[in-house]
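Below is one structure, written out as C-alpha cells; comments come after it.
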Amino acid sequence: MDRITAANEVAFKIGFSGHGGHLRLEPLPPVDRSNSLKSLPDFILPPAFQPETPESVKKYLEERYLLPELDQDEFSAEKSGKLWDFDWFDKAKVHAEPSLPRYVVAPTWELPFRRSKNTTSAGIWHPTSVEVELAELLEGAQDSGTLPRVPGPAKDFVRGSLNNRPFRPGGLDGSQPTVRILPEGAQTGDWVHEIITGGVAQNVPPSFKKGLELGYLKEYPKDWKLTHGGASTVQSTPEQNLDGFSVQFDDLFRKAWEDDVTEELGTDGPELSVDPELSLPEVLQEESDDKSATSDAKSSALDEILLTDLGMEKRSQSGPSSNNKHRDAGAWAVAGGNVEIANRFHELVPEMALEFPFELDTFQKEAIYYLEQGESVFVAAHTSAGKTVVAEYAIALASKHCTRAVYTAPIKTISNQKYRDFCGKFDVGLLTGDVSLKPEASCLIMTTEILRSMLYRGADIIRDIEWVVFDEVHYVNDVERGVVWEEVIIMLPKHVNVVLLSATVPNTIEFADWIGRTKQKKIRVTGTSKRPVPLEHCLFYSGELYKVCEQELFVPQGWRGAKDAYKRKNASKAGGSSGANVGAAAPHGTTQNRQREFSNKGKAQKHSGPQATSNQTGTGGAQQNNWVSRRQESTLWLLLVNRLQKKSLLPVVIFCFSKNRCDKSADNMSGTDLTTNSEKSEIRVFCDKAFSRLKGSDRDLPQVVRVQNLLRRGIGVHHAGLLPIVKEVVEMLFCRGVIKVLFSTETFAMGVNAPARTVVFDTLRKFDGKEFRRLLPGEYIQMAGRAGRRGLDNIGTVIVMCRDEIPEESDLKQVIVGKPTRLESQFRLTYNMILHLLRVEELKVEDMLKRSFAEFHAQKNLPEKERLLMLKLAQRAKSIECIKGEPAIEEYLDMATEAEALRQHVSEAVMQSHTAQQFLLPGRVVVVRSQSADDNLLGVVLKSPSSTFKQYIVLVVTTDAVSSMQASSVSLNKQGNESGNFPQGYVLVPKGKRGMDEEYFTPINSRKGSGIVNIKLPYYGSASGVNYGVIGIEAKDFLSICNCKIKIDQVRLLEDPSDVAYSKTVQQLLEQKAAGSKFPPVLDAVKDLKLKEVVLVEKYRKYNSILQRMSENKCHGCMKLKEHTALQMEQRKHMEEVNALKFQMSDEALQQMPDFQGRIDVLKEIHCIDSDLVVQIKGRVACEMNSGEELICTECLFDNQLDDLEPEEAVALMSAFVFQQKNTSEPSLTPKLAHAKKRLYETAIRLGELQARLKVAVDPEEYAKENLKFGLVEVVYEWAKGTPFAEICELTDVPEGLIVRTIVRLDETCREFKNAASIMGNSALNKKMEAASNAIKRDIVFAASLYVTGM
C-alpha cells in the first residue's frame, strides 16, 4: 500500500493480517528530504528479459515442443465439473497429487496353525508379502464409472450426495478392476508394424495435444528361429543389434505379434517349431541371454523392465480366470456344521479380536472362524440363542483392521437399544432419520433405509466399510419394507462382507445361495435349531393349565383334557340357550361401557380404525367380537396372574393384537399390586428422572400419569400409541425386572430384546390390516421365543388363553409346531429406485431386477437354458422338396392359420346368435369340430339344450375305430337288457315277428318320448360299416350349419338305443353329402344366419377371400400336402421353442419388466427423464424424496403448491405424506388449508390416472388415498403455531405416539424438501422449509431418547 503521511511527519502503512482480513498499522521511519542523493535507488533493477543462452534456448524448446502437455480444453475445470474452494485473501495453491503406483507390496494372511514356519523365537508372526496390482486392492471401492472418483466434501462423507455416483455393486458382470482403455491401434498391433516398417511413431497420447516428436524410424529386418529344445536364436548381423528393441517392444502386444509372425513364417519365413510347454516370456528371456554378448547395457536394462512387466501382467491375467473357474463350481451357500472347527477353535483363532466371558457355542465358533477368514456368514437361530455374539465379533474385527462396520436394524427402537448396548464395548455412532451421533465412529448403527440412501448417493464412507450386519433378516418378508433389504444386498460393493442374523426359517440355504450368487462370493450358513431355554406350551381354560407341547412335540393328551373340561363346563350349565342369549347380548353392553370409559379417561385410550374392534376374545373366529363382560375379563386376568405368581412364572408378557385391548386389559387389573416397597421406590425414582427432561405441562399428560400409576403396581403396557419416552421407560423397567405383567402388541417381540419367564397369547387370531386371520407359525415362534431367560430359567412357558372355546387340534398344532414362514421376495419397483439407477449409465434397472430374490431361480437356470438353446440351434431341420418347384407350403400354412382364426371368431359369434339357435333343432345336419382327428366331423342334432342338460346332443360320423372299452360297455348294456332287466314299458316280441336287426324287445309307444336320455355320453357304436358317436357339445363347437335336415327317432336313439335307428340315421346322414364333397352345403352367415355386425361381416368376407386364395395355391390338392404340412409345423414348433428360450434368457422375460416399462413411460410423461432416459432436474428432485410418494411430492413442488402457504401451513399439508393411519376423525381446516388439501388431492388423482393409462397397476382413487392421509393436518398446524401438546391431542382421536412419530418423520421430510428447493434454485422455499422445521422441533416431540442420552 502507498505511504501515508500524517501530521508531524509520522509515517505508517496499512496492511492486512492473516486470512481474516484484519487491518494492521506499521510505522515507517521518517523521510529525509534535504539530501537529494539519498533519493537515488540503492540497486539497479534487472533487465526485463534475461539474456538468452544455449541452455535457456534448449530448455524453452523442450518445454514448448518436446514435453507432453495436457489439452487445456479437454481437462478444463468447467468440463470435469470440479469446483475448488478459493481463498480470497491468499490465492489457493492446489498441489498436484502424485500418480498412484501400479504395484504395491501387501502382506498375505495365513491360517494361525500354519504360521509356525514364519514365527520368530519371541512368538511374533511375520507375514509374507507379495507384490500385487493396486487396482486389485482398490477394486472393492470402485466407482460405477470407468474413471476413479475424487472423494467429495467432508459434509457428504457419511450421507452422500446426489452429485456422487454409486459405487459399483459387487457381483455385477464386468466388476473386475478397471481395465486400461487402449486405442484400437495398440490393441490390433498396427502401431507396432508402423514402427517395425520404419513409419511414423505414435507420439500423441489420447486426450493430449502434443507429444514427443520421434520422427521416422529406420526399418530393421527381423528373422525368428525357435527349436524344440527350448534354445532360440535371433539371426541378425552385428550392425543390426537394435533389432532386440523391436522384438521386445512388440512383446507388449504379443497376441497380435504371434498372429503376425505365424502368418509371415507360414508364407515366406522358415518353419516355426515351438515347444507348447515353453511360454513366450521364457523364449524371450533365452533370446535375451543369447544376445547378451552383443547387446549394450541399455538394451539389457530395457529387456529386464519389459520382461518384468510382462510377467506381472501375465500373473494378473491368470488370477481372475482361475478365480472364475473356482466360482463356477458348486453352490454359493455352504452349510456349516464342521465339528473340527469347534474342537480346534483356539488353535485356529489363537488371537481373538474380542474375548467373551463365557464358552462359545459351536455355531458361534464356526461363524467367528469364517469371519477371521474374511468370509460372509448367515446365522439362523432362535431368539436369545446368541446371534449377537457374531455381530459383536464382526464389529471388533473391523476395529482391529482399522475399518468400519455397519449394524442395520429394521426399526428405530432396535437401533437405539443396540447403540446403548455397544457403547461400552466399541466406538459406536448412531444414524437415524432424525439423529446423527458420532458418524466418524468405527461402528455405525443405522436403519436399513439409511444404508440404502448412502449406497444410492455414493457416500465416501462406503470405502471404509468391511462388514455390514443385517439383524432380523426375516423382516425381508415384510410387504412394505422387505424390498429395502434386497436393494441394499444388491447394491453393496464387492469389498463389503455381510453378516446376516435371522430367526430359524426353512429356506436359509436358498436365501444364502441367492446372496452368494448375487455378490459372487461364498456365504457360510451356520446356526442352531436348539433353543437355549426349552419351551413348554399350555392352554389356559377355566383356571387350569393344560400342557399341549413339550420339546417341540405336540401332546394331544393335554388338548383332549382341555376339550373335556370345556364339554363338562358347558354340560353343567342349566339352559344352554339362556347362556347363549347372555353371550349374544354381551357386545352391546360392553361397547357402551367401553365408550363410557373412554369419555372419562380422556385421550389416554384414544384409538380408532379396525384395531379397535380386533381380536378381543378367544381363539375362535365366531367369537372374535364377542366380548365378555368387564367383570369376567378382570376376573380372568386376576385368575391367570395369581396362578402364574404361585408357580413363580412371573414376569409375563401378554401379547394382545390391539392397542386398545392392551390398555383395557391393564385397566381391568386395577386392584392388583405386584411390587414390593423397594421396587415401588425404584420405579418412582426412575420415572421422575426420566420424565424430568419434559417441561411441566408435558409431565402432566394423561398418558404419562396413567402409565406411571400402572408401573408402580408392576403392570405395564407397550404399543405404538405410547409416547416414545414412555415406551422406553416401560422397556427399561421391564429389563430391570420390576414390571411383572406387561400387556404388549406384536412389536415388542420384534423391537425389544427383553425376555420374560412366561409369554401369554390373548388370542391366536389377528387383524393384519386387511382381514382377520390365524397367526402364522413364524409369528407365533417369534413371540413365543421371548419366554425363558437364558441363565435364569430352565424352561420357558407359553400359554394360550381360551375363553369361550378350545381351538381345534389341527389349528393349534399348525401354529405351535408348524413350519415357519419361508423367506419370500417382496421386491417391487419404485420410482425412486429407477431414477437413482438411471443417474448412472453403468447401472441398469434390468440388472437390479435380475438380481432380485424373486428372479433367483430363473437366473440360476440360465446356463441350462443356454445349453438347451445351443442344442436346438445345432439341430438341422428337414428341407421340404416340392415337386412343383419352389415350396409354397409356408404361405399356404399361413393362410390356413389365418383363415382358421377368422372362422373361429365369426363362428363363435354366429352360433351364439338367436337366428342360429332357431336352426339348431333336432334333425339339423351340422359340421362339428373334431377334438382328436385332423378333419372335421359330419353330424346331426339329436336334442337341444334343456334345463337338465345344458349341451347339444349330436350324433357324429367318426373315422376312429371303436375302442375295446367302448365296445365292451355297449355289449354290457345289451347283456343287461337280455338278462331280463327290462325297463318298464317294454314287451318281448316273438321271434317270428321281428326283423333280423331288431332287438328282442321294443318300446310300446316308440314315438312319444319322455325326453330322458338313457345312454351314457359319449356313446360310441358302429352301423352300416361306419363308426359313429353320440356326444354333448357347446354351441361354439359347431363349425357350420348345413342347409338340410333329416328325420330322426329321438326315442330309439336316446331313450331306448336301437341299432336299427342308429343305422338308419347314419345312412340318411351320409346320403346328404354332395357329390365330390365331404359335407353338404352350409348356410351362409350373412344371408341365412343374418349376420349384421360390421366387424364380423368384414371378417367373414376376409375368411372367404383367404379360402379362395388357398384354392389357387399350388399346394391345394397336392398329394404331399399333409406330409409337407407336418414338416412345416415341425419347423415352426422348433423355431417357437428357440424363440421361447431366447425370450426366457432376455430381459423381457423378467417378471416386473412390464411394470418397469410402464413406470418409464410415466417418468417420461411428467418430464423426470427425457426420451434417452437421461434424468432431468425434476427427476433429481424426485430422488430426494424418501419419506413421501416421489411423484406427488415432486409435482407438488413444481406446481408451486407451497409458495402461497405460510411455513406452518406448508408443514401441516406435508403431514399428509408421512401420516399412516387410515381411519381418523375429520380435521377442521382453515379455508386456505382446505383449498391446498383439495389441490394436492387432485394432483394425486391426476398422477394415478396417468399411471393407470400407461399400464401401471394403479387405481387412481386408491393411489391417492393410500399416499395422502390428511388426518393430522390440523394437529400439525396447531403444533407448528406453538400450541401445547396436551391441547393438540384433544383435536384428534389419533394416539399420542403416532402423533409424535408423524411429526418426527415430518422433520425429515422438511429436510428433503429443503434439499429439493436447493436443486430447483428456489431460495424462498428453502427458507420456508427451514422455518417449518424449526417450528415443529420442540418439547416432548423431539425429546432425546433415553437409550442415546443414558439414564
Side-chain angles (χ1 to χ4, degrees), residues 880 882 884-920 924-939 941 952 954 956 1033-1044 1072-1136 1139-1140 1143 1255:
I880 299 176
C882 183
K884 298 182 180 181
E886 190 69 23
I889 186 64
E890 186 173 358
E891 179 186 0
Y892 187 84
L893 195 57
D894 288 339
M895 289 189 294
T897 304
E898 185 180 2
E900 173 62 20
L902 291 171
R903 185 210 59 74
Q904 186 175 358
H905 193 273
V906 174
S907 176
E908 288 182 1
V910 169
M911 294 305 170
Q912 300 292 337
S913 65
H914 180 67
T915 306
Q917 304 295 326
Q918 293 177 343
F919 280 96
L920 291 174
R924 173 64 62 179
V925 180
V926 293
V927 181
V928 180
R929 180 189 294 113
S930 175
Q931 300 296 331
S932 58
D934 296 334
D935 206 351
N936 299 318
L937 306 177
L938 180 66
V941 178
Y952 288 93
V954 182
V956 294
I1033 62 174
E1034 303 287 344
K1036 63 180 181 180
D1037 293 324
F1038 290 110
L1039 294 181
S1040 54
I1041 305 174
C1042 299
N1043 62 356
C1044 55
Q1072 298 300 322
K1073 288 186 177 182
S1077 175
K1078 290 184 178 181
F1079 308 113
V1082 299
L1083 297 176
D1084 187 85
V1086 178
K1087 297 178 181 178
D1088 301 323
L1089 300 181
K1090 309 301 180 184
L1091 182 66
K1092 297 180 179 180
E1093 191 174 340
V1094 178
V1095 177
L1096 293 176
V1097 171
E1098 185 66 27
K1099 289 185 177 181
Y1100 180 70
R1101 290 175 178 171
K1102 186 177 180 181
Y1103 166 71
N1104 290 327
S1105 173
I1106 293 175
L1107 292 181
Q1108 180 64 30
R1109 284 191 284 126
M1110 288 176 64
S1111 64
E1112 298 171 359
N1113 190 286
K1114 63 182 180 181
C1115 294
H1116 191 70
C1118 177
M1119 58 185 298
K1120 289 193 173 184
L1121 176 60
K1122 189 172 183 179
E1123 177 186 348
H1124 290 176
T1125 301
L1127 285 175
Q1128 184 64 28
M1129 293 294 290
E1130 184 179 348
Q1131 291 181 7
R1132 288 193 174 186
K1133 182 181 179 182
H1134 179 266
M1135 287 305 301
E1136 289 174 358
N1139 293 333
F1143 174 78
K1255 307 296 177 60

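Computed from heavy atoms alone, side chains included, the values below leave out hydrogens, waters and symmetry copies. Keep in mind it's a predicted model, so treat the numbers as computed, not measured.
- Residues meeting the salt bridge (Lys or Arg N to Asp or Glu O under 4.0 Å) test with Lys1255, sequence neighbours left out: none.
- Minimum interatomic distance between Val926 and Leu920 (heavy atoms only, all atoms of both residues): CG1-CD2, 3.8 Å.
- Qualifying salt bridge (Lys or Arg N to Asp or Glu O under 4.0 Å) partners for Glu1098, counting only residues two or more places apart in sequence or in other chains: none.
- Taking Val1082 as the reference, Ser1040, Cys1042 meet the side-chain contact (heavy atoms from CB on, under 4.5 Å) condition, with sequence neighbours excluded.
- Atom CZ in Arg924 sits 7.5 Å away from atom CG in Asn1043 (nearest 0.5 Å).
- With sequence neighbours excluded, the residues forming a side chain to side chain donor-acceptor pair (under 3.5 Å) with Asp1084 are Tyr1100, listed by chain and number.
- Under the side-chain contact (heavy atoms from CB on, under 4.5 Å) criterion, Glu898 pairs with Leu902, Lys1102, Ile1106, not counting sequence neighbours.
- Checked against side-chain contact (heavy atoms from CB on, under 4.5 Å), Met1129 has the following partners two or more places apart in sequence or in another chain: Leu893, Thr1125.
- Using a 4.5 Å cut-off on side-chain heavy atoms (C-beta onward), Phe1038 and Val928 make contact.
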